[in-house]
Amino acid sequence: MNNFRSNNIKMGLQRAPHRSLLRALGITPEETEKPFIGIVNSFNEIVPGHMHLQKIAAAVKAGVYMSGGTPFEFNVIGICDGLAMGHEGMKMSLPSREIIADSIELMVEANQFDGLVFIPNCDKIIPGMLMAAARLDIPSIFVSGGPMLAGRYSGKDIDLISVFEGIGAVEARKITEKELEEIVDHACPGCGSCAGMFTANSMNCLTEAIGLALPGNGTIPAVHSERIRLAKRTGITVMKLVKDNKKVSDIINEKSVENALAVDMALGCSTNTILHLMAFLNELGLSFTLEKINEISERTPNLCRISPAGSHHLQDLHEAGGISAVLKELDKKNLIFSDAKTVEGTIKKRIDSAQNRNPEIIRPVDSPFSPTGGLVILFGNLAPEGAVVKASAVAPEMLRVTLKARVFDSEEEALKAILSSEIKPGDVVVIRYEGPKGGPGMREMLSPTSALCGIGLDKEVALITDGRFSGGTRGAAIGHVSPEAQEGGPIALLKDGDRIQIDIPQKKLEVLVDRKTLEKRKANWRKKEKKFGNSYLSLYAQLVSSASRGAVIERWKKVKFDEN
């Protein structure tokens, strides 16, 4: 008898009742004898990135059937950050990552699957599934729903960020509301994760780079039949993993993670990738400091400027050769570990046949956009535990600046001030009490940053927060400031008019206020009361860690509901 995990629910005299329940599903005795493969699908009908995932799942199941397995599909929740953006619903997005990981663990352990195929798209679903894969450590592979095509308007490629920035453009009277509605109609032309190098596409690309997905996972457009073929090959590949008992821990190690971070820097991915990779590392039991991430950024050139950092989109990156071509460029200077394992061999095997077909989209490693990476971790007396910025999306004149603080205790207050023309050149908008505990839920600040860009202040005004930014954010937007305000971090002590020094090349974030003054302010500081009753946010706020550690649930803490 084959030694499948699923034998625990289907083989032997004591499992006769279980086989009866499987018969109720229409499962034949022949199917019962085969490996049981869980198909973890985030399909739903309210998220454009997910609305086509039934087709992807059907193709995966076809591949599993072709290779002698029995697939069982189940669903997990999925939140669209775009739909949740700018209101209280965004507090739910990051916490959903933990729920996704936990719910998958429950389903897989209850049903003893032999292998897993994860079908994510969109922001927190991918990292939630990665966390589950690491925690469960059974044969696993990913195939995403793929990126949305860019929209077209007035002869130009546009995307969802064009709409967000259009709000500020209307306020600045650069376009009319009628023109904005025309952009609304054309920015998102169909299914898939939003077209730029935003968080979802960043994480799908990194899943490919880390070795848990086949080539093309991050870049093949959602509407292309090539993605259906990729899904079938993924179903075939998971069966090979099960046959060889090749678990996640047999593929992922420090080399894999460094490869993913190198690609992260080369692409100029979303700042959220740092948060999610830290959470993934926590599940793997690996430790990477933020200083280590800076070391990788320092030696890795930025080769791509995909929206919002540039005018290209994921479909362009795919045509240029995709993630394999990026890896091949990095390998020319030994910036990756080509012997790192993947679900189908090694990175070297994968990149041997790769080709950079467009050096304007994937710059050759000898002529990069920048000699250093797209993401930078900043430290200083304002962020003792670190903060993150997408340096590749910052205008050159904002890389080294000293600005005057305008301090707000919520996103709504800051956005109102921006749209009311209260923010002036030379200001730095500080949004605090939006961190993992303070939000709670660490909301993204795409609305304020997009408003600044739409108005035309992105080269004169910075934004700093203990919350997060969308992968679609551009400009001097510094997030994940740690410790957060709710924990009494220095960001809680700022006052209007304080001078803040930003030096991205030197990785510094400082408030130019003397230590004694800050100590006096700290003595008078009181934590803000946040009341959520017995909601999930109340529990989350008690258990979540600092952003510097990935905003993960700290499971060792005693759970106790209170008014926070």
Side-chain angles (χ1 to χ4, degrees), residues 161 164-165 168 172 268 270-272 274 308-309 370 374-383 386-411 413-435 443-482 484-485 489-513 547:
I161 305 308
F164 274 98
E165 294 184 0
S270 164
T271 52
N272 285 311
I274 302 300
S370 166
L375 298 181
V376 173
I377 310 298
L378 307 179
F379 294 94
N381 68 351
L382 186 51
V388 63
V389 62
K390 182 187 278 196
S392 59
V394 178
E397 53 265 53
M398 292 297 290
L399 291 172
R400 282 192 174 99
V401 289
T402 299
L403 305 169
K404 183 176 69 174
R406 292 294 310 280
V407 183
F408 303 93
D409 287 351
S410 72
E411 177 187 4
E413 293 173 27
L415 183 59
K416 181 179 178 182
I418 293 168
L419 295 178
S420 300
S421 301
E422 296 175 28
I423 304 303
K424 306 299 181 184
D427 286 345
V428 52
V429 177
V430 177
I431 306 178
R432 61 191 182 189
Y433 294 102
E434 291 284 8
R443 288 195 289 179
E444 288 185 346
M445 305 293 161
L446 181 58
S447 295
T449 57
S450 296
L452 288 172
C453 290
I455 292 168
L457 289 174
D458 55 300
K459 296 180 181 180
E460 299 173 286
V461 172
L463 198 153
I464 295 173
T465 181
D466 53 8
R468 300 181 295 124
F469 292 113
S470 162
T473 289
R474 62 185 174 94
I478 299 167
H480 308 190
V481 171
S482 300
E484 64 175 289
I491 193 172
L493 311 180
L494 296 179
K495 293 186 176 182
D496 280 347
D498 286 347
R499 304 294 287 176
I500 294 177
Q501 186 178 69
I502 299 168
D503 190 335
I504 293 173
Q506 292 299 313
K507 304 175 180 61
K508 291 289 186 182
L509 182 63
E510 300 273 345
V511 53
L512 304 181
V513 174

Could you go through residues 469-481 and list every donor-acceptor pair under 3.5 Å that involves a side-chain atom there, pairing it with any protein atom two or more places apart or in another chain?
from: S470; atom 1: OG; to: G472; atom 2: N; distance (Å): 2.8
from: T473; atom 1: OG1; to: T449; atom 2: OG1; distance (Å): 3.1
from: T473; atom 1: OG1; to: S470; atom 2: O; distance (Å): 3.3
from: R474; atom 1: NE; to: E165; atom 2: OE2; distance (Å): 2.9
from: R474; atom 1: NH1; to: D458; atom 2: OD2; distance (Å): 3.3
from: R474; atom 1: NH2; to: E165; atom 2: OE1; distance (Å): 2.9

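- One N or O on the side chain of R432 and one on the backbone of I491 form a donor-acceptor pair closer than 3.5 Å.
- You'll find the side chain of V511 stays beyond 4.5 Å of the side chain of P490, heavy atoms only.
- The nearest pair of heavy atoms linking V461 to P425 is CG2-CA, 4.1 Å.
- The side-chain contact (heavy atoms from CB on, under 4.5 Å) check on A451 picks up L415, I418, L419, with sequence neighbours excluded.
- Residues G168 and I455 approach most closely at O-CG1, 3.6 Å, considering heavy atoms.
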Inset, instruction - Go through I464 and L509 one step at a time and tell me if the side-chain contact (heavy atoms from CB on, under 4.5 Å) criterion holds. - result: CA-CA 10 Å; I464 295 173; L509 182 63; 3.8 Å; yes
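- Within the 4.5 Å cutoff, side-chain heavy atoms of S447 are placed close to those of F164.
- Scanning all heavy atoms of the two residues, the minimum distance from S482 to A547 falls at OG-CB, 3.8 Å.
- Side chains of V389 and I502 form no contact here, defined as non-hydrogen atoms less than 4.5 Å apart.
- K390 approaches P308 most closely through the heavy-atom pair NZ-CD, 3.8 Å.
- The side-chain contact (heavy atoms from CB on, under 4.5 Å) check on K495 picks up D498, R521, with sequence neighbours excluded.
- Put simply, the side chain of L382 reaches to within 4.5 Å of the side chain of L494, judged on heavy atoms.
- One finds the CG atom of L378 at 10.5 Å from the CD atom of E510 (value rounded to the nearest 0.5 Å).
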Let me check something: any side-chain donor-acceptor pairs from residues 393-408 under 3.5 Å, sequence neighbours excluded? List them with distances.
from: R400; atom 1: NE; to: D503; atom 2: OD1; distance (Å): 3.1
from: R400; atom 1: NE; to: D503; atom 2: OD2; distance (Å): 3.3
from: R406; atom 1: NH1; to: E422; atom 2: O; distance (Å): 3.0

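- Every residue meeting the side chain to side chain donor-acceptor pair (under 3.5 Å) condition with E444, not counting sequence neighbours, appears here in chain and number order: N272, R468.
- For the pair E434 (side chain) and E411 (backbone), a donor-acceptor distance under 3.5 Å is present.
- Of the possible donor and acceptor atoms, one in the side chain of K424 sits under 3.5 Å from a partner among the backbone N and O of S421.
- At least one donor-acceptor pair closer than 3.5 Å links the side chain of T465 to the backbone N or O of I431.
- When the side-chain contact (heavy atoms from CB on, under 4.5 Å) test is applied to K416, the partners found at least two apart in sequence or on another chain are S420.
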